[in-house]
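Only heavy atoms go into these numbers, but all of them, side chains included; no hydrogens, no water, no symmetry mates. Chain identifiers are assigned alphabetically (A, B, ...) following the order of the sequence lines, protein sequences preceding nucleic acid strands; residue numbering begins at 1 within each chain.
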Protein chains: 2
Amino acid sequence: MRARIEDVAKVAGVSPKTVSRVLNNERNVREDTRQRILEAVRSLDYRPHPSARSLAANRSFLVALLYDNPSPSYMMEVQDGVLEACDAQRYSMMLQPLDATSPHFVEQVGKLISERRLDGLILTPPISDHADLLACLREWGVPFACVAPRDRQCAGVVLDERRAACEMVMHLASLGHRRIGHIIGHPDHGASSWRLDGYRDGLEQSGLRYDHRLVMQGRFSFDSGVVATRAMLSLASPPTAIFAANDDMAAGVIWAASEAGLAVPRDLSVCGFDDTPMSRQIWPSLTTIHQPCRDMGRIAATQLLRTIRDGEGAMVYAKFALCLRGSTGRVPERPRRDAPAGH
Amino acid sequence: MRARIEDVAKVAGVSPKTVSRVLNNERNVREDTRQRILEAVRSLDYRPHPSARSLAANRSFLVALLYDNPSPSYMMEVQDGVLEACDAQRYSMMLQPLDATSPHFVEQVGKLISERRLDGLILTPPISDHADLLACLREWGVPFACVAPRDRQCAGVVLDERRAACEMVMHLASLGHRRIGHIIGHPDHGASSWRLDGYRDGLEQSGLRYDHRLVMQGRFSFDSGVVATRAMLSLASPPTAIFAANDDMAAGVIWAASEAGLAVPRDLSVCGFDDTPMSRQIWPSLTTIHQPCRDMGRIAATQLLRTIRDGEGAMVYAKFALCLRGSTGRVPERPRRDAPAGH
DNA sequence: CCGCGAATTGACAGCGCTGTCATTTCTGTC
DNA sequence: GACAGAAATGACAGCGCTGTCAATTCGCGG
């Protein structure tokens, strides 16, 4: 049978309550007592019983990570980061896939919270932008932290995606591109508008005019990238570079370009956003923007646990990085086929 | 404050123990009593307290899903399946990323089990092939279920990967290929040997000779696919088709082929294994073998829960499916460059 | 209507921990 | 050395549920 707190107390010659104090890092325990107790814990290989702790303390020490169908690699990394932070603070994480468009969405989350006695939630896009849910959580007093939310008035983590997109477009411009297309992400994701704004910033700072014909609506999916690209390539004056709002759509761009017989980057430069593993596994490898997803998961969890403990978590900025790879190149010297000169 | 079991009992006019019986689907409760209790549960919106239940029942109702750095999309799908099965039986799932090569691996798992009071484990490749761990779990009497283990004498789920690989190779042969290369997966994964065996079966059934020069060792990574392909393409008599043991390596094959100026599938047919999302996002889209990962996760969890409940889980076979896509094609009529005829 | 085994229900303790509050011990001051 | 106030420790109840086992009720043949 496993040792219980009472056994530890007996060995250390103190009361169970004092052992509990040490295990929970409470103040007001003399240093020598603490050492004696830790020694007893070690000698008995004592492990506190999570359920007993939860029951007595009236907290579950459990947080849930809510997600709705994002890219698996993104989610997996965020997950690992969250787990890392939770483990370090003796918290557990549970996962909950959800359908944010369901009419019972908020209700389901409420049920989850009360069923599992959750101490807090971590919301990932697009759930982190679900205004109804955020309002309810605030009303219920349930602590939460958001990953990349549109509204930054909460605990969590974001990237300056607008700046990142801007820099990417400026990079394209520096390669000589003057007709740079953009494929917008899913309309429900805050990221889509930041990236679009960044695209406009980048054009402006490069002295290029915004042309609405070069901007297509996508949905963050590979297929939507293909569709948008076919449309853009059939323009009278097609772009020489396309900046897709994520890597999946960028893969769609490369696909559609290959389909149309264009070589990337010779005939068309392509870049994405997210630095998914896939971006390095396609030919040519994709120029994109790296998000430190694992760090972001860790940060979000840390801010959530701070909120739970002290009632105050912050919105932390994570750093992005441009990954310049094979899918972008200098614009060709002579025009391609939309030749204005020559006739 | 939330309703407790006592409140439900009072409303239904029975003892708390009887309510507990109904909630846990125990036998020997009269039907009308059951109905009265369920009605009370509904009217009070009662939710049993998980920690209280665990503490009293001396079980955690928690299983862990152990993984070591597999492909994120694979893991994510397995995860969702496991969650589905656990939810249905009022169990919780926790995730545990691990390093199976660590010298303290088994010890770490043991610590995890006793710390979290786990009721069981689900092992994914390559952990499902870790002989030391399996031996310890059996010795400790810890229920577990395996996804795709080499040794099928345990509860879990597998695919007939050997058969799948065989069919893939036969398909290549039916397209006219006679020099079909293979890139073996990671040596520690059971899947690698099944797929290799299937490759040999496929050659044999197509009347082709096994040629060791056309078989390279890989490690399931994109990079290892690139390296193996470069080596194979530099052979005096290179293959006209390459069957990589997974999609990541197959992506590497396409990459290396593009690098070498070869067009896929015109100059080289390529196929993989796993049907990752990436396989549809590259150009050309990848011919591969689909594994129903989500189903497999669900099945593994179901068998684990059966093991926990009745002490007996089975090894279940899941169904694979060939996905014929753009990366494979008929072998060209006239030889390519290793022209034996001609000059 | 009685008696017996089976089906159904209930009383009670206790799972292992922490919150509350009382008690003891220490620290610094005059 | 006495004393106040702070720091450290302990006693005890109880978190909400289920296991054990005893008590009650039911069904049915004689």
J.: For B:Arg2 and B:Asp45: C-alpha separation, side-chain torsions, deciding distance, then whether salt bridge (Lys or Arg N to Asp or Glu O under 4.0 Å) applies.
T.: CA-CA 8 Å; B:Arg2 294 222 64 78; B:Asp45 190 30; 3.6 Å; yes

J.: Say whether A:Gln108 and A:Gln96, considering side chains only, have a donor N or O and an acceptor N or O under 3.5 Å apart.
T.: no

J.: Is the base of C:dG10 touched by the side chain of B:Arg21 through a donor-acceptor pair closer than 3.5 angstrom?
T.: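 Flag set: donor-acceptor pair detected.
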
J.: Atom CZ of A:Arg34 and atom P of D:dA7: how far apart are they, to the nearest Å?
T.: 15 Å

J.: What's the closest nucleotide to the A:Glu26 side chain, out of C:dG19, D:dT18, C:dT9?
T.: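 Nearest to the side chain of A:Glu26 among the choices is C:dG19.
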
J.: Between P on D:dG16 and CZ on B:Phe61, what's the gap in Å once rounded to a whole number?
T.: 18 Å

J.: Mind checking whether B:Val109 and B:Leu121 have side chains closer than 4.5 Å, heavy atoms only?
T.: yes

J.: Would you tell me whether B:Gln35 and B:Glu31 have side-chain atoms, one donor and one acceptor, within less than 3.5 Å of each other?
T.: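 Short answer, yes.
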
J.: Between atom CG in B:Asp32 and atom P in D:dC26, what is the gap in whole Å?
T.: 10 Å

J.: When all nucleic acid strands are considered with a 4.0 Å heavy-atom cut-off, which category describes B:Thr33: base, sugar-phosphate, or nothing?
T.: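 Result for B:Thr33 = sugar-phosphate.
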
J.: Starting at atom CG of A:Leu55, determine the distance to atom P of D:dC17, rounded to an integer number of angstrom.
T.: 9 Å

J.: Begin with the C-alpha distance, continue with both residues' side-chain angles, and end with the deciding distance and a verdict on salt bridge (Lys or Arg N to Asp or Glu O under 4.0 Å) for B:Asp7 and B:Arg4.
T.: CA-CA 5 Å; B:Asp7 305 321; B:Arg4 289 155 309 152; 3.4 Å; yes

J.: Taking the minimum atom-to-atom distance to the side chain of A:Lys17, which one of C:dG19, C:dC17, D:dT18 wins?
T.: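 Closest of the options to the side chain of A:Lys17: C:dG19.
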
J.: Where each residue is assigned the nucleotide of DNA chain C containing its nearest heavy atom, which of B:Val14 and B:Ala56 is assigned the position nearer the 5′ end?
T.: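 The 5'-side residue here is B:Val14.
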
J.: If only side-chain N and O atoms of B:Asn28 are considered, is one of them under 4.0 Å from the OP1 or OP2 phosphate oxygen of C:dT8?
T.: yes

J.: Can you tell me the distance, in whole Å, between the CZ atom of B:Arg59 and the P atom of C:dG14?
T.: 21 Å

J.: Is the phosphate of C:dG10 approached by B:Thr18 (side-chain N or O, under 4.0 Å from OP1 or OP2)?
T.: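 Yes, because at least one side-chain N or O of B:Thr18 sits under 4.0 Å from OP1 or OP2 of C:dG10.
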
J.: A:Glu6 CD to C:dG16 P: how many Å, rounded?
T.: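 The answer, rounded to whole Å, is 10 Å.
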
J.: Figure out the NE2/P separation between B:His49 and D:dG14, and round it to whole Å.
T.: 17 Å

J.: Check whether any side-chain nitrogen or oxygen of B:Ser20 sits under 4.0 Å from OP1 or OP2 of D:dT18, and answer yes or no.
T.: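 The answer is yes; a side-chain N or O of B:Ser20 sits under 4.0 Å from OP1 or OP2.
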
J.: Want to settle it: does B:Arg27 or A:Asn24 sit nearer the 5' end of DNA chain C, counting the closest nucleotide to each?
T.: B:Arg27

J.: To the nearest Å, give me how far apart CD1 (B:Ile37) and C1' (C:dT8) are.
T.: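 To the nearest whole Å, that distance equals 11 Å.
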
